[in-house]
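Letters A, B, ... mirror the listed sequences (proteins, then strands); counts begin at 1. Note that the structure is a prediction, hence the values are computed from the model and not measured.
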Amino acid sequence: MSQVRIHLPDNSIKEFDFQPTVLQVAESIGSRLAKDTLGGQINGNPEVIDLRTVLPNDTKLKIVTKGSEESLEVIRHSAAHVMAQAVQELWPEVKVTIGPVIENGFFYDFDSPFAFTPENLKELEKKVNFLLKKNEVVTREVWPTAKAIETFEKMGETFKVEIIKDLGADEVSIYKQGDWFDLCRGPHVQKMGQIKTIKILSTAGAYWRGDENNPQLQRIYATAFNSKEELAEYLKILEEAKKRDHRKLSKDLGLVYNHPFAPGAPFFTEYGTIVYNELQSYMREGYKKYGYSEVISPQIFDNQLYDRSGHDANYKDNIFATQVGERDFAVKPMNCPGHCLLYGATKKSYRDLPWRIADFGRLHRNEKTGALHGLTRVTTFCQDDAHIFCRIDQLLDEIKSFMTFLDEVYNKLGMSNYKIFFSTRPEKRVGSDEVWDKAEGYLEDALKTLGLDYTVNEGDGAFYGPKLDIMFVDALKRPWQLGTLQLDFNMPNNFDLKYVGEDNANHQPVMIHRAILGSLERFIGVYLEHTAGRLPTWLSPRQVVIMNITSSHDEYCKKLEQELKEAGVRVHYDDRNEKLGYKIREAQLKQIPYMITVGDQEVADSTVAVRLLTGDNKKGYAKSDFVKNIKNEIENKNLKTFFEEVN
RNA sequence: GCCCAUGUGGCUCAGUGGUAGAGCACACCCUUGGUAAGGGUGAGGUCGAGAGUUCGAUUCUCUCCAUGGGCACCA
């Protein structure tokens, strides 16, 4: 055999007189490297391959070693195997299925005659980490498919047999550690001791192959890291996320209340309503600027409306319906069909287009019980919804204007980190393929023309049209779907909408469904998590609290309270006979951006002592300046307090 | 809708087969105190709802409701 050349990242070349494995290349470089090798990446491909992979001539190889980001995939892959092994050693009656690596960890789905209890998980964690200490060598074997099927059938591993049959390959790879083995394509570690520690996290029910018609399996979530320190760090982030949970924050801050009589339908308290209304009026400002008109449409319709819109066929399970006498009514789950009726109310000319109508109507959707979640998945909500009826040649400008509007809003709110997803036709849909081709084509053209980066989500569109989803990435790097823009050729058709063109003939308008915040409910939930409850002053339900030191400062405080009220500031004078530290603590917990302290000093020289949520103090601030500056900050809807703005 | 767990005063949580406890919050009293909890006293719960087992159920069983972790659904 001729020489085999392997190219390394430092542009050096290693030569072999056989086709080496990744590990063999590592060994040729050094024994320390070989010991730390966990996999490889070849020819610039990000996919991590098994260290036992045989490399052909002229392969560009990057060795994945322990401690690297890429190595986690290998470690977790093997960790899933060890976990499955541990489960079967503890409970031999449990059958294995699959166990993939996911972000931040891995899971394994088991077919178990019993549900795993928390005690089982503790036992399992012990067992798993005991197995790691045995440091068994992982070997790879290639079996003919027939042998694999026969073997797994004998073992009663019916799910494995199904997978192998579906693969339809001639041979399959098997990974072994000790006596335990599993069908797998890898990659895996050399020895199980390379996994330092495995943390079992939780259990869940999950359907075989993700289909609710299939049997339900027992899923165990777990994670593994390169070191105990990294694991600790990850667990800390989980804790942080828990603290920022909007359900906790919205309760602690007194914004939202839930009652079992209204599942999935939150009350907004007098404080929560302030946040809600401020956001709504901010959007209304945008509507003026971007040429939208606001409308109000009915809450309940004769069901014939949804029959015509196509919702009855595609969305029926989610509609709250009621029968009055002989007549079927439906509570509106979305504004669009009603808006189509309104469009048809007057004869439209091409001169009337684009016709942009916004609606803060309350929507109700009967969600499956298990889907409800705090403010982010509710049964009743209000979208910052608008529909734009326009000509095809106006589409590009409309999409552009929407993206500008959205960018402005997101930046104002400190949410500049967002991504665009382009979702194409789903299986369950209305309209001909021809219409879909057209709609998808226009949308993609617009994205390209505008030079926007996007990712395609095949089959994820709405049933009436393709869409752009705006995925906001929050402070903890979690993605949330908020804004959306959907193209719809179908509903104008169902409602036979027309406009008279320049040619004096009838034409059909295109309908754009769009929202920037998504729904106010969901947005407030996400925004609370993003900001950890520390809202910008203009959105804070409580903006200023004045705290006197003794009752002798009462007069000065009352006057200041009055001045701030006149400046439009939401201010509260805490005149309780309590110590200052006590009042401060309460104000901190309620995340009030400005805490004003008044004592002898302040009364004497007409100043205020200001404390921010950061704990920063500024004494001797001129009272008149404070009133002026906070008024200005609120009017401009600044993201930061005026103290921080200055710095 | 499915699997699992949970449900004790406004909130956070102990606890028990013999009808309940703490801290915070609340009320009253004392305290006038400069940047995250001053002290005392008191009120407040038929232990999510219904049924069953039992001499007796908040505790055990079942059903329902709600919540939580997932799955599925949804955009």
A:Glu555 atom CD, over 12 foreign heavy atoms within 6.0 Å: no
Nucleotide-level pairing of RNA chain B, given in dot-bracket where Watson-Crick and G-U pairs need both distances under 3.5 Å and | marks other strands: (((((((..((((....[..)))).(((((.......))))).....(((((..]....))))))))))))....
N/O donor-acceptor pair, side chain A:Arg365 with base B:C74, under 3.5 angstrom: no
Pair of N/O donor and acceptor under 3.5 Å linking B:C71 base with A:Arg209 side chain: no
In whole angstrom, give the distance that lies between atom [atom1] of [X] and atom [atom2] of [N].
{"X": "A:Phe110", "N": "B:C71", "atom1": "CZ", "atom2": "C1'", "answer": "16 Å"}
{"X": "A:Leu372", "N": "B:C74", "atom1": "CG", "atom2": "P", "answer": "15 Å"}
{"X": "A:Met471", "N": "B:A75", "atom1": "CE", "atom2": "P", "answer": "14 Å"}
{"X": "A:Lys583", "N": "B:G33", "atom1": "NZ", "atom2": "P", "answer": "13 Å"}
{"X": "A:Ile584", "N": "B:G33", "atom1": "CD1", "atom2": "C1'", "answer": "13 Å"}
{"X": "A:Lys579", "N": "B:A36", "atom1": "NZ", "atom2": "P", "answer": "12 Å"}
{"X": "A:Lys316", "N": "B:C74", "atom1": "NZ", "atom2": "C1'", "answer": "18 Å"}
{"X": "A:Ile98", "N": "B:C71", "atom1": "CD1", "atom2": "P", "answer": "13 Å"}

Taking OP1 and OP2 of [N], is either one under 4.0 Å from a side-chain nitrogen or oxygen of [X]?
{"X": "A:His373", "N": "B:G69", "result": "yes"}
{"X": "A:Arg247", "N": "B:G68", "result": "yes"}
{"X": "A:Arg611", "N": "B:A36", "result": "yes"}

Do we see a donor-acceptor contact under 3.5 Å between the side chains of [X] and [Y]?
{"X": "A:Lys583", "Y": "A:Asn548", "value": "yes"}
{"X": "A:Asn213", "Y": "A:Tyr207", "value": "no"}
{"X": "A:Gln481", "Y": "A:Arg522", "value": "no"}
{"X": "A:Gln218", "Y": "A:Ser112", "value": "no"}
{"X": "A:Ser540", "Y": "A:Gln543", "value": "no"}
{"X": "A:Asn629", "Y": "A:Tyr621", "value": "yes"}
{"X": "A:Asn335", "Y": "A:His387", "value": "no"}

Sequence neighbours excluded - side-chain hydrogen bond (donor to acceptor under 3.5 Å, both in side chains) pairs with any residue from residues 252-263 of chain A: A:Lys248-A:Asp252
Validation row: A:Phe389, A:Glu398 side chains within 4.5 angstrom (heavy atoms):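 No. Closest side-chain heavy atoms not under 4.5 Å.
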Distance-only, no hydrogens or angles: does the [X] side chain make a donor-acceptor pair with backbone N or O of [Y] under 3.5 Å?
{"X": "A:Tyr527", "Y": "A:Leu413", "result": "yes"}
{"X": "A:Glu157", "Y": "A:Val96", "result": "yes"}
{"X": "A:Thr97", "Y": "A:Phe159", "result": "no"}

Side chain to side chain contact (heavy atoms under 4.5 Å, CB included) partners of A:Thr158, counting only residues at least two apart: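 Partners of A:Thr158 under the side chain to side chain contact (heavy atoms under 4.5 Å, CB included) test: A:Lys95.
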Rounding to an integer number of angstrom, what distance separates [N] and [M] when you compare their [atom1] atoms?
{"N": "B:C60", "M": "B:U16", "atom1": "C1'", "answer": "13 Å"}
{"N": "B:G15", "M": "B:G21", "atom1": "P", "answer": "15 Å"}
{"N": "B:A49", "M": "B:G7", "atom1": "C1'", "answer": "11 Å"}
{"N": "B:A25", "M": "B:G38", "atom1": "P", "answer": "9 Å"}
{"N": "B:G48", "M": "B:C11", "atom1": "P", "answer": "13 Å"}
{"N": "B:G45", "M": "B:G10", "atom1": "P", "answer": "9 Å"}
{"N": "B:G70", "M": "B:G34", "atom1": "P", "answer": "48 Å"}
{"N": "B:G50", "M": "B:U59", "atom1": "P", "answer": "12 Å"}

Can you list, pair by pair, the side-chain donor-acceptor contacts under 3.5 Å of residues 597-606 of chain A, counting residues two or more places apart and other chains?
residue	atom	partner	partner atom	Å
A:Asp600	OD1	A:His553	NE2	2.7
A:Glu602	OE1	A:Gly599	N	2.8
A:Asp605	OD1	A:Thr607	OG1	2.9

Partners meeting salt bridge (charged side-chain N to carboxylate O under 4.0 Å, His left out) with A:Lys467 (sequence neighbours left out): A:Asp469
Nucleotide of B:U67, B:A75, B:C73 approaching A:Pro263 most closely (side-chain heavy atoms): B:U67
From B:A75, B:G34, B:G69, nucleotide with atom closest to A:Ser202 side chain: B:G69
What is the nucleic acid contact for [X], judged by heavy atoms within less than 4.0 Å: base, sugar-phosphate only, or nothing?
{"X": "A:Gly210", "result": "sugar-phosphate"}
{"X": "A:Ala609", "result": "base"}
{"X": "A:Asp460", "result": "base"}
{"X": "A:Glu602", "result": "base"}
{"X": "A:Phe261", "result": "nothing"}

Show the distances under 3.5 angstrom between N or O atoms of the protein and N or O atoms of nucleotides 28-31 of chain B.
residue	atom	partner	partner atom	Å
B:U31	N3	A:Asn577	ND2	3.1
B:U31	O4	A:Asn577	ND2	2.0

Residue mapping more 5' on RNA chain B - nearest nucleotide basis, A:His259 or A:Asp600: A:Asp600
Residue whose closest nucleotide on RNA chain B lies nearer the 5' end, A:Gly264 versus A:Gly581: A:Gly581
Residue pairs fulfilling salt bridge (Lys or Arg N to Asp or Glu O under 4.0 Å) with at least one residue in residues 213-222 of chain A, sequence neighbours excluded: A:Asp109-A:Arg219
Inter- and intrachain pairs under salt bridge (Lys or Arg N to Asp or Glu O under 4.0 Å), touching residues 612-623 of chain A, at least two apart: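 Applying salt bridge (Lys or Arg N to Asp or Glu O under 4.0 Å) to every pair that reaches into residues 612-623 of chain A, excluding sequence neighbours, yields A:Glu563-A:Lys623.
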Contact state string [nucleotides 1-12 of chain B, B base, S sugar-phosphate only, - no protein heavy atom under 4.0 Å]: BBBS------SS
Per-nucleotide protein contact string for nucleotides 22-27 of chain B, where B marks a base within reach and S marks sugar-phosphate only (heavy atoms under 4.0 Å, - for neither): ---S--
RNA chain B contacts among residues 541-551 of chain A, heavy-atom distance under 4.0 Å: A:Ile549, A:Thr550, A:Ser551
Pairs meeting criterion ring pair (Phe, Tyr, Trp, His ring centres under 6.0 Å) with involvement of residues 570-618 of chain A, two or more places apart: A:Tyr594-A:Phe626, A:Tyr594-A:Phe642
